[in-house]
Amino acid sequence: MLRLTNTLTGTLEAFEPADGKTVRMYVCGPTVHDFAHIGNFRTFVLEDVLRRHLKSKGWDLLHVMNVTDVDDKIIAKAREQGLDIRAYTEKYVRSFLEDSDALDIERPEMLVRATDHVPEMAALVETLLEKGHAYRDGDSVYFRVAGLAEYGRLARLDGKDLKPGARVDVDEYGKESPRDFVLWKAPKHEDEPRWETSVGVGRPGWHLECSAMAMKYLGPGFDLHCGGVDLVFPHHTNEIAQSEAATGRQFVRFWIHVEHLKVEGQKMAKSLGNFYRLRDLLDRGFSPQAIRYLYVSVPYRKQLNFTFAGLEQAAHSLDRIREFLFRLRTGRLPERSSEALKTAFLHARERFEHGMDDDLNTAVALAAMFDLIRRANTGLDAGELGRDLQGDIEDWFVEIDRRLGIVPSGDEDGVASARDREVSALVEARNAARRSRDFERADSVRRQLSDMGVVVEDTPDGTRWRYR
RNA sequence: GGCGCCGUACCCAAGUGGUAAGGGAGAGGUCUGCAAAACCUUUAUGCACCGGUUCGAAUCCGGUCGGCGCCUCCA
């Protein structure tokens, strides 16, 4: 049984899709005004882990992710560059998808852009106006929070504690109350992007797109909605308010929020010089998989302190997995395994699943995997791991990879290329030298291989090699 | 000021009343021509600190100190 912490109640609750079959899930995607940073990707990777876990439970998935491709920053930057917003954002949408692929993030069933759904948003505004939950000020439309008893429940605000002097957008002077938020913005400048819609000329407010698109594709009420913790208020709070005011029913059953990451103990900020995009880390020689491992190693509800030392540790942890699989695949194994080892294998698999079911406790899941690695290595040494388990264990690691995306591939054992044949010849030459006890020659070949990025290891079962 | 989270070994981290998982790093050892990998041993009588509840607390309660988040840009 899967249990997740629902922000709506603040407690761990058993989760299953309302219809028992298909999980309807909406995720707040990137605002494409710039390249996504490593903080964004922590959220997206952990949402991906959730997505994969839900699939493993046997449910179908309808996962919608939005791309916010119109907002103040986009408009300003596009204008600076003399581009229309579509042309401006295209580059960042593409880059987001490339980075997502590099991090092995699965594509949602639907990726939807705000600017493709303006009519739906306008329709939602109309409904809110009709029902008296919205009001006009000039060509702008605002949502009226007053009278909604439930407002702010998600963020645990009592609704009236707006800090005096808090930031209030200067163009929203037309609001009846500071708590109200804009649904539809009248154009401020001549060259601003605008849409002619049933509610008038202008552009949508921030929160509107998610309500409109989520309800269009997932229905007025659906199972799961995810995002970073910073979205709890105001974004998700306002999504709930406007959606439920329009439909009169519960918008989302489960809200899941991913904690932020810090960098070297501090908030990541351009002004602190600790702001990283994925590309920045790859340029420093870190693998996307090490980055993903670091994300996965800390459960989603805990702040992750991102450090380069931590990233190196993650890379080393990956090495341990890689070494084990290499040994498992290349070892000379007996026919049968010991009962104790079989039991340990089943126990590890169980513990992995229990960890994941317990609010996606990825740290426990990884611990279960490493326990099995240690136990299997011992078994390999003692000759108690047989061919009857070899395939099962390999299959399990394929499954772990399908679930967490953190298992190094076995590419080094792949189809022999011309280079592979060259390496094999050198390895054989080295062994010939070793047999004739010409260790100087043997070591010189080892150095040559090392320069080619090849690691050579001598084992009781013979010499094996792989690319570093 | 209001609401909330966190503080576990050198680093990361699990743990939600029953006597400290896991990973990385370090030290010693086994194996080994060398090297690597692997394995074994080792690194918290103690979980920020002080009290309390309890037969028993890292886990519950109160307080103190420290760090972080949100209170209309934010993943």
Side-chain angles (χ1 to χ4, degrees), chain A residues 10 12 27-31 33 36-47 71-73 152 155-158 160-164 166-169 172 175 178-182 206-207 226-235 237-238 257-262 265-269 293-294 297-299 301-305 307 309-324 326-327 331 351 355 358 361-371 373-374 376-382 434 437-440 442-443 446-447 450 455-460 464-465:
Chain A
L12 210 50
V27 164
C28 285
T31 299
H33 67 270
H37 55 69
I38 58 172
N40 296 314
F41 281 115
R42 183 202 187 189
T43 301
F44 297 136
V45 164
L46 288 165
E47 286 165 347
D71 81 335
D72 289 350
K73 275 185 195 164
R156 258 141 277 255
L157 299 174
D158 67 12
K160 57 178 181 292
D161 56 357
L162 262 183
K163 190 179 179 181
R167 294 163 289 184
V168 174
D169 192 336
E172 296 187 11
K175 295 198 290 193
R179 290 193 297 162
D180 293 351
F181 56 91
V182 68
W206 176 30
H207 317 300
C226 316
V229 277
D230 56 303
L231 298 183
V232 173
F233 186 86
H235 187 52
T237 294
N238 290 345
H257 291 97
V258 181
E259 251 300 346
H260 279 187
L261 64 67
K262 293 186 289 185
Q266 290 182 298
K267 183 167 181 164
M268 180 170 74
Y293 181 93
L294 182 59
S297 68
V298 181
R301 293 203 309 121
K302 183 165 174 167
Q303 284 185 348
L304 166 62
N305 185 18
T307 64
L311 197 46
E312 273 158 29
Q313 290 181 6
H316 283 135
S317 300
L318 247 28
D319 286 340
R320 180 163 169 80
I321 304 170
R322 182 186 295 107
E323 291 291 354
F324 167 67
F326 182 49
R327 197 150 108 97
R351 197 171 157 225
D358 182 17
N361 194 331
T362 44
V364 163
L366 289 174
M369 177 190 71
F370 281 113
D371 271 339
I373 288 179
R374 153 93 56 72
N377 270 324
T378 311
L380 247 13
D381 284 345
R434 289 174 70 220
R437 314 212 40 96
D438 180 359
F439 296 122
E440 210 170 301
D443 287 348
R446 178 195 282 287
R447 277 193 296 276
S450 176
V455 177
V456 180
E457 295 174 7
D458 301 316
T459 77
R464 56 184 194 181
W465 63 269

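Below, chain A is the first sequence line, B the second, and so on; all start at residue 1. Because the structure is a prediction, the values reported are computed rather than measured.
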OP1 or OP2 of [N] sitting under 4.0 Å from any side-chain N/O of [X]?
{"X": "Lys302(A)", "N": "rA14(B)", "result": "yes"}
{"X": "Asn361(A)", "N": "rG15(B)", "result": "yes"}
{"X": "Lys267(A)", "N": "rC70(B)", "result": "yes"}

Protein-proximity profile, nucleotides 30-40 of chain B, B/S/- by nucleotide at the 4.0 Å heavy-atom cutoff, equals ---BBBBSSSS
With a non-hydrogen cut-off below 4.0 angstrom, is [X] in contact with a base, only sugar-phosphate, or nothing?
{"X": "Pro299(A)", "result": "sugar-phosphate"}
{"X": "Leu304(A)", "result": "nothing"}
{"X": "Arg447(A)", "result": "nothing"}
{"X": "Gly310(A)", "result": "nothing"}

Under the 3.5 angstrom rule, does the side chain of Thr237(A) hit a backbone N or O of Val232(A) as a donor-acceptor pair?
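Flag set: sc Thr237(A) to bb Val232(A) pair under 3.5 Å.
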What's the gap between rC71(B) and rC49(B) when it is taken at their C1' atoms, as a whole Å value?
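Each nucleotide's C1' atom is 30 Å from the other's.
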Between rC3(B) and rG22(B) - C1' atom distance, rounded Å:
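Here rG22(B) and rC3(B) have their C1' atoms 34 Å from each other.
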If you assign each of Ala314(A) and Ala367(A) to its closest nucleotide in RNA chain B, which residue comes earlier from the 5' end?
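Mapping each residue to its closest nucleotide by heavy atoms, the 5'-most match is Ala367(A).
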Find which nucleotide of RNA chain B each of Gly265(A) and Met268(A) is nearest to by heavy atoms, and output the residue with the more 5' nucleotide.
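Checking each residue's closest nucleotide, the 5'-ward one belongs to Gly265(A).
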rA75(B) base stacked by His260(A) (centroids within less than 5.5 Å, tilt under 30°):
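The base of rA75(B) is stacked with His260(A) (centres under 5.5 Å, planes under 30°).
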Who are the side-chain hydrogen bond (donor to acceptor under 3.5 Å, both in side chains) partners of Asp319(A), not counting sequence neighbours?
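For Asp319(A) the side-chain hydrogen bond (donor to acceptor under 3.5 Å, both in side chains) partners, ignoring immediate neighbours, are Arg322(A).
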Quiz question: by atom type and distance under 3.5 Å, do the side chains of Asp230(A) and His260(A) form a donor-acceptor pair?
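Asp230(A) vs His260(A): donor-acceptor pair found between side chains.
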